Amino acid sequence: MTTTSEQDRVLIFDTTLRDGEQSPGATMTHTEKLEIASMLDEMGVDIIEAGFPIASEGDFQAVSEIARRSKNSVICGLSRANFKDIDRCWEAVKHAARPRIHTFIGTSPLHRAIPNLDQDQMADLIHDTVSHARNLCDNVQWSPMDATRTEHDYLRRVVEIAIKAGATTINIPDTVGYTAPRESADLIRMLIEEVPGADEITFATHCHNDLGMATANALAAVEAGARQIECTINGLGERAGNTALEEVVMALKVRNDIMPYSTGIDTTKIIGISRRVAAVSGFAVQYNKAIVGKNAFAHESGIHQDGMLKNAETFEIMRPEDIGLSETNIVMGKHSGRAALRSKLKDLGYEVGDNQLKDIFVRFKELADRKKEVYDDDLIALMSDTDASA
Ligand code: KIV
Ligand code: ZN
């Protein structure tokens with residue numbers, strides 16, 4: 001069996017403050033961005049993409065301040081493929097102990113048509129801009145936007161140019177969430193095997209969730225050799241969002257038997273940052289969201305509650321404490337059984353005998369039929385009625 005120290009380390013690149021903040025309506029204030037960046041730094045995120053410095057004075061100030069304050073994480077800023085963007089990005093990230101410039105250009109036929117560049121003109125621009133970035137900073141990431149819809153021979157060509165010009169990380173974005181897991185893996189494997197110099201750099205995977213496959217695509221890319229996952233807290237991001245950090249990190253932890261890769265993330269910090277990002281972005285987390293949804297560790301049906309009370313592993317593949325929750329949430333409702341009711345009452349300080357439980361259970365079910373959820377206060381009220389009528 002592979003031990004953690006022997007396992008391949010996958011870098012976690014969080015882009016909540018850049019791609020996540022680009023979701024319409026998710027804008028965060030300067031102070032909120034500093035708070036989230038410091039939580040990301042503390043939880044062990046390897047690289048924080050703190051913003052897009054040329055986009056606005058506010059973004060520039062936030063990236064500069066995050067760079068100054070960062071303790072452990074590499075601080076990265078985004079820039080388009082022009083010298084002005086790259087210079088502005090460098091001005092912001094250079095304050096970090098470990099700065100990175102990330103520069104990108106759309107390489108698919110649809111994206112090449114926008115600046116109206118032919119393949120050769122774009123190749124020259126990639127060479128010039130990556131070289132310029134590398135002259136400023138020794139940590140440069142380059143992304144061919146819409147890589148998954150770029151012709152393979154052109155993708156191989158431009159990736160090789162970017163590596164020769166000094167890129168240290170090549171990110172392969174599935175910008176429109178179009179790829180599928182096997183294709184995601186094949187693309188990364190093909191680039192690693194066929195591009196000269198590929199073994200000298202790190203490949204990253206950056207997936208969007210338009211078809212709900214972002215997590216699966218990112219993990220497939222890792223199995224094919226990618227060693228950096230780009231993701232956001234709660235999967236925040238444009239349209240259907242980005243790969244969710246909590247999903248890939250917990251998948252690698254829980255299924256380490258078949259995906260033996262480690263991350264540096266302290267998973268007990270997941271729930272705290274998930275809640276803060278939801279609050280500051282205004283994007284509530286759906287109840288049934290994997291890992292961080294309100295119902296991810298909640299059980300209402302009698303069979304599940306009974307199983308959980310006997311052995312939590314019956315219906316839970318990870319422990320709530322692993323993500324920073326104090327306990328499983330046993331939700332009392334019309335599907336709950338006697339065992340759960342007895343256990344809940346015990347938690348609330350009521351020890352009830354079998355006969356008393358029978359009577360309370362009938363009244364509890366009547367109440368549960370009228371209410372979606374029966375809260376602790378409802379049970380306390382029910383118990384005081386029982387005491388009064390006894
Ligand atoms: O989705 C995308 O292509 C991006 C790039 C800027 C990396 O976010
Ligand atoms: Zn993106």
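In each ligand, atom 1 is the first atom listed, and ligand 1 is the first ligand listed. On a predicted model such as this, the values are computed, not experimentally measured, just so you know.
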What atoms of ligand 1 come within less than 4.0 Å of a heavy atom belonging to Pro173?
2 (C), 3 (O)
Answer yes or no: does an N/O atom from Asp19 fall short of 3.5 Å to an N/O atom of ligand 1?
yes
If we number the atoms of ligand 1 from 1 as shown, the ones under 4.0 Å from a heavy atom of His208 are 1 (O)
Of the backbone atoms (N, CA, C, O) and the side-chain heavy atoms from C-beta on, which set of His111 has a member under 4.0 Å from an atom of ligand 1: side chain, backbone, both, or neither?
neither
Under-4.0 Å salt bridge between Asp322 and Arg319
yes
Side-chain donor-acceptor pair present, Asn288, Gln286, cut-off under 3.5 Å:
yes
Hey, does His102 come in under 3.5 Å of ligand 1, counting only N/O atoms on both sides?
no
Please tell me whether Gln356 and Glu351 have a donor and an acceptor in their side chains that are separated by less than 3.5 angstrom.
no
Can Glu65 and Gln61 be counted as having a side-chain donor-acceptor contact under 3.5 angstrom?
no
Record the part of Glu230 in heavy-atom contact with ligand 1 below 4.0 Å; permitted values are side chain, backbone, both and neither.
neither
Picking from Arg9, Gln228, Arg98, what satisfies side chain to side chain donor-acceptor pair (under 3.5 Å) with Asp46?
Arg9
Return the closest protein heavy atom for atom 6 (C) of ligand 1 as residue, atom name and distance.
Arg18 NH2, 3.7 Å
Which class fits the ring pair Phe83 and His132: parallel under 30°, tilted 30 to 60°, perpendicular over 60°?
parallel
Considering the heavy atoms of Met145, write down every atom of ligand 1 situated less than 4.0 Å from one of them.
3 (O)
Of Ile270, Ile271, Thr263, the residue whose pairing with Thr267 passes side chain to side chain contact (heavy atoms under 4.5 Å, CB included)
Ile270
Can you tell me which residue among Thr232, Asn234, Ile273, Ile323 is in a side chain to side chain contact (heavy atoms under 4.5 Å, CB included) with Glu246?
Asn234
Is ligand 1 under 4.0 Å from a heavy atom in the side chain of Thr175, in the backbone, in both, or in neither?
both
How would you list, by chain and number, every residue that makes a side chain to side chain contact (heavy atoms under 4.5 Å, CB included) with Leu309, sequence neighbours excluded?
Ala339, Ala340, Ser343
Under a 4.0 Å N-O cut-off, is there an ion pair linking Arg157 with Asp120?
yes
Anything protein N/O/S under 2.8 Å from the Zn ion (ligand 2)? Just list residue and atom, please.
Asp19 OD2, His206 NE2, His208 NE2
Does Glu151 CD have over 12 foreign heavy atoms under 6.0 Å away?
yes
For atom 4 (C) of ligand 1, closest protein heavy-atom neighbour:
His206 NE2, 3.5 Å
